[in-house]
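Heads up, the thing below is written out as structure tokens.
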Amino acid sequence: MYTLEEVKAFAYGCKKCKLHKERTKVVFGQGNAHAEIMFIGEGPGQQEDQKGIAFIGPAGQLLTKAIEGINMTRDEVYIGNIVKCRPPNNRNPMDDEMEKCLPYLRWQVKLIRPKIMVCLGSVASKKIIDSNISITRERGKWHYKKGIWILPTYHPSAVLRDVLKKRFFWEDFKEIKMKYDAIKEDKK
Ligand code: URA
Ligand code: SF4
């Protein structure tokens with residue numbers, strides 16, 4: 001069993017897929033190592049690549065607002081991505097890249113042991129929940145796998161592009177909060 005810091009050190013030196021060639025920094029993910037809630041995006045964007053921190057660009061700011069909107073903070077949760085290196089021009093990560101990178105996320109989940117995982121957007125939802133999932137139809141519906149409640153929702157970038165999605169995004173965050181509170185209540 002590795003520690004989270006050890007897995008991160010592996011990722012920092014990783015050249016397993018072609019995305020290593022154009023990255024500035026590996027974006028491993030960050031937050032509370034014992035978080036109850038994990039947010040998973042698809043891969044770093046430009047600002048994330050520069051700083052090495054997940055979700056700090058425009059989409060990240062919306063995500064931060066949504067997290068704060070349910071009375072939580074970024075430090076309480078864990079925020080990461082399917083691929084740890086930026087795909088050139090923000091294209092979607094390719095299947096071979098995701099497959100090569102997924103072991104890092106598996107380690108993260110194993111070590112952090114979240115109760116809730118939120119898949120942000122289609123790429124993360126397809127990879128984590130079901131390759132046939134349609135976000136438009138199935139966002140906001142819970143899945144339960146290996147002891148973890150998993151919720152697909154829109155990617156915050158999609159919400160920034162289409163204001164009509166905003167209401168549903170907020171509804172999903174309220175749903176996350178209710179599930180979180182219910183899990184806390186159960187533990188008492
Ligand atoms: N979009 C993502 O999917 N992940 C990030 O870290 C930033 C933008
Ligand atoms: Fe390694 Fe993942 Fe980066 Fe590819 S995206 S080089 S698998 S850390």
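Atoms within each ligand, like the ligands themselves, are counted from 1 in listed order.
- Taking the ring axis of Tyr104 as reference, the NZ or CZ atom of Lys16 stays within 45° of it and closer than 6.0 Å to the ring centre.
- Between Glu36 and Lys187 a salt bridge is recorded (basic side-chain N to carboxylate O distance below 4.0 Å).
- Ligand 2 places these atoms under 4.0 Å from at least one heavy atom of Arg23: 3 (Fe), 6 (S).
- Ion pair Glu42/Arg91 not flagged as a salt bridge, since none of the NZ, NE, NH1 or NH2 atoms sits closer than 4.0 Å to an Asp/Glu carboxylate oxygen.
- Ile67 has its side chain within reach of Ile79: a pair of non-hydrogen atoms, C-beta onward, lies under 4.5 Å apart.
- A salt bridge links Asp172 with Arg139: the distance from a Lys NZ or Arg NE/NH1/NH2 to an Asp or Glu carboxylate oxygen falls below 4.0 Å.
- In this structure, Phe173 has its ring center closer than 6.0 angstrom to the ring center of Phe39.
- Protein heavy atom closest to atom 4 (N) of ligand 1, with residue, atom name and distance, is Asn81 OD1, 2.8 Å.
- Not a single heavy atom of Gly57 sits under 4.0 Å from any atom of ligand 1.
- Heavy-atom contacts of Gly41 reach the following atoms of ligand 1: 3 (O) (cutoff under 4.0 Å).
- Residue contacts with ligand 1, taken as heavy atom pairs separated by less than 4.0 Å, involve Glu48 solely via side-chain atoms from C-beta onward.
- Looking at Val83 and Met98, their side chains come closer than 4.5 Å, going by heavy atoms from C-beta outward.
- Closest approach of Pro44 and Lys84 over heavy atoms only: CG-O, 3.5 Å.
- Protein N/O/S atoms closer than 2.8 Å to atom 4 (Fe) of ligand 2, listed by chain and residue number, are Cys17 SG.
- For Asp162, the salt bridge (charged side-chain N to carboxylate O under 4.0 Å, His left out) partners two or more places apart in sequence, or in a different chain, are Lys165.
- Using a non-hydrogen distance threshold of 4.0 Å, His155 registers as a contact of ligand 1.
- Close N/O approach between Phe55 and ligand 1 is found [any backbone or side-chain N/O within under 3.5 Å].
- Among all protein heavy atoms, the one lying closest to atom 2 (C) of ligand 1 is Gly43 O, 3.0 Å.
- Near Ala54, the atoms of ligand 1 lying under 4.0 angstrom from a non-hydrogen atom of the residue are 6 (O).
- Between His155 and Phe169, the distance from one ring center to the other does not fall under 6.0 angstrom.
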